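Worksheet: the structure to be examined is printed underneath.
In this text the structure is predicted, and so the values were computed from the model without any measurement. Proteins come first, then strands; the chains are lettered A, B, ... in the order of their sequence lines, and each starts at number 1.
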Protein chains: 2
Amino acid sequence: MDHLTHLKTAGLKSTLPRLKVLNLFGNGNERHLSAEDVYKKLLASGDDVGLATVYRVLTQFEQAGLLIRHHFEGDKSVFELNEGKHHDHIVCLQCGRIEEFYDATIESRQKKAAADRGYSVHDHSLYIYADCIKPKCPNKP
Amino acid sequence: MDHLTHLKTAGLKSTLPRLKVLNLFGNGNERHLSAEDVYKKLLASGDDVGLATVYRVLTQFEQAGLLIRHHFEGDKSVFELNEGKHHDHIVCLQCGRIEEFYDATIESRQKKAAADRGYSVHDHSLYIYADCIKPKCPNKP
DNA sequence: GTCGGTAATGGTAATCATTCTCATTTGCGT
DNA sequence: ACGCAAATGAGAATGATTACCATTACCGAC
Ligand SMILES: [Mn+2]
Ligand SMILES: [Mn+2]
Ligand SMILES: [Zn+2]
Ligand SMILES: [Zn+2]
């Protein structure tokens with residue numbers, strides 16, 4: 001399903017700002033971007049989109065299920081394309097690198113922990129904060 | 001170790017505001033409190049402490065290892081007493097109730113996931129967002 | 001116990017991310 | 001091409017948190 005179709009499916013009208021934002025996430029760029037990141041990247045590529053619009057669109061895409069919002073350590077939200085395959089994250093505290101992983105055992109133990117206590121799970125977030133080993137860690141974003 | 005000793009050990013001088021904040025967390029009250037929660041509770045009990053001081057002290061206690069800071073969904077930080085026993089959290093999206101749990105398997109699989117990829121783990125956060133079953137969920141905070 | 005210096009406090013201004021307001025522009029069906 | 005509801009964007013407003021800085025409270029030395 002292409003971007004335009006994605007928008008229609010979500011009941012969102014196809015506008016230039018929305019397509020531009022969706023393109024950013026679709027590219028081979030970094031998968032995890034903050035609103036500020038998106039705004040700056042669009043400006044840099046000559047596509048002028050208002051900051052308010054960026055925030056609005058990101059939230060709409062999240063509600064439509066096109067993007068996933070993360071609250072890594074710190075104040076700002078980070079978004080990534082929702083490609084249907086759930087995964088968790090390791091965040092390097094030195095350089096900000098983000099690595100994805102999936103562990104079926106962790107997933108099932110989580111479900112069990114919640115079920116045992118009478119909870120109906122919506123979702124969960126698991127962030128591992130770590131240092132990546134020297135060679136591949138350029139230190140500091 | 002009592003509160004006064006805690007402060008000394010952390011290299012923090014024993015002041016009235018600090019003791020009051022530490023007392024709040026020591027009581028049988030709710031374990032998980034935001035800065036605003038702490039501020040309001042102190043006001044309510046006649047102990048006037050400035051909001052700026054509350055924020056400062058909470059951060060100092062976190063750095064000293066006396067408190068643990070959480071970033072549950074939403075914008076504000078939540079703190080709890082660090083009693084040495086690590087645990088994760090289930091958060092009810094309806095009423096805000098927070099339940100703690102510990103699963104040794106999850107812990108070890110996390111360590112392994114990070115180690116396998118060459119990361120040296122600092123810490124991690126695992127939050128399960130759910131609905132607690134009707135009877136014990138009073139809906140809405 | 002008093003004194004003095006330093007660290008802590010607290011009122012208020014400032015900052016940062018995010019949301020709101022509202023006049024202007026755009027997408028889209030007719 | 002026309003018309004109108006929905007979307008945009010510049011800037012104001014908000015909410016949480018931090019920075020400033022003049023005043024006050026610890027604490028160790030007399
Ligand atoms: Mn990811
Ligand atoms: Mn807890
Ligand atoms: Zn790194
Ligand atoms: Zn509940």
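- Using a 4.0 Å cut-off between charged nitrogen and carboxylate oxygen, A/R31 and A/E83 count as a salt-bridge pair.
- Without hydrogens or angle criteria, B/D37 side chain to B/S34 main chain gives a donor-acceptor distance under 3.5 Å.
- Whole-Å rounding puts the A/K76 NZ to D/dT17 C1' distance at 14 Å.
- Aromatic ring centroids of A/H89 and B/H124 lie 6.0 Å or more apart.
- Contact between B/F72 and B/Y127 at its shortest, heavy atoms only, is CE2-CE2, 3.2 Å.
- When the side-chain nitrogen and oxygen atoms of B/S77 are compared with OP1 and OP2 of D/dA16, none of them lie within a distance under 4.0 Å.
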Worksheet entry | B/I128/B/V91 under side chain to side chain contact (heavy atoms under 4.5 Å, CB included): CA gap, chis, key distance, verdict | CA-CA 6 Å; B/I128 297 179; B/V91 183; over 6 Å; no
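- One atom, CG of A/L7, and another, P of D/dA7, lie 11 Å apart when rounded to the nearest Å.
- The heavy-atom pair separating B/T105 from B/D103 by the smallest distance is N-OD1, 2.8 Å.
- The interatomic distance linking B/Y39 (OH) with D/dG15 (P) rounds to 16 Å, in whole Å.
- Listed nucleotides D/dA7, D/dT17, D/dG11 differ in distance to B/Y55; the shortest reach to its side chain belongs to D/dT17.
- Under the 4.0 Å criterion applied to side-chain N and carboxylate O atoms, A/R109 and B/E107 are not assigned as salt-bridge partners.
- Counting 5' to 3', DNA chain C first comes under 4.0 angstrom of a heavy atom of chain A and last does so at the ends given by C/dA17 to C/dC28.
- Taking atom CG of residue A/L43 and atom C1' of nucleotide D/dA10, one finds them 13 Å apart after rounding to whole Å.
- If you find the closest nucleotide of DNA chain D to B/S34 and to A/A52, the one lying nearer the 5' end belongs to A/A52.
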Item to complete: Produce a footprint string for nucleotides 21-30 of chain D: one letter per nucleotide, 5' end first; B if the base is under 4.0 Å from any protein heavy atom, S if only the sugar-phosphate is, - if neither.
Response: -----BS---
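- The pair B/E30-B/K41 meets the salt-bridge criterion, with a side-chain N (NZ, NE, NH1 or NH2) lying under 4.0 Å from an Asp/Glu carboxylate O.
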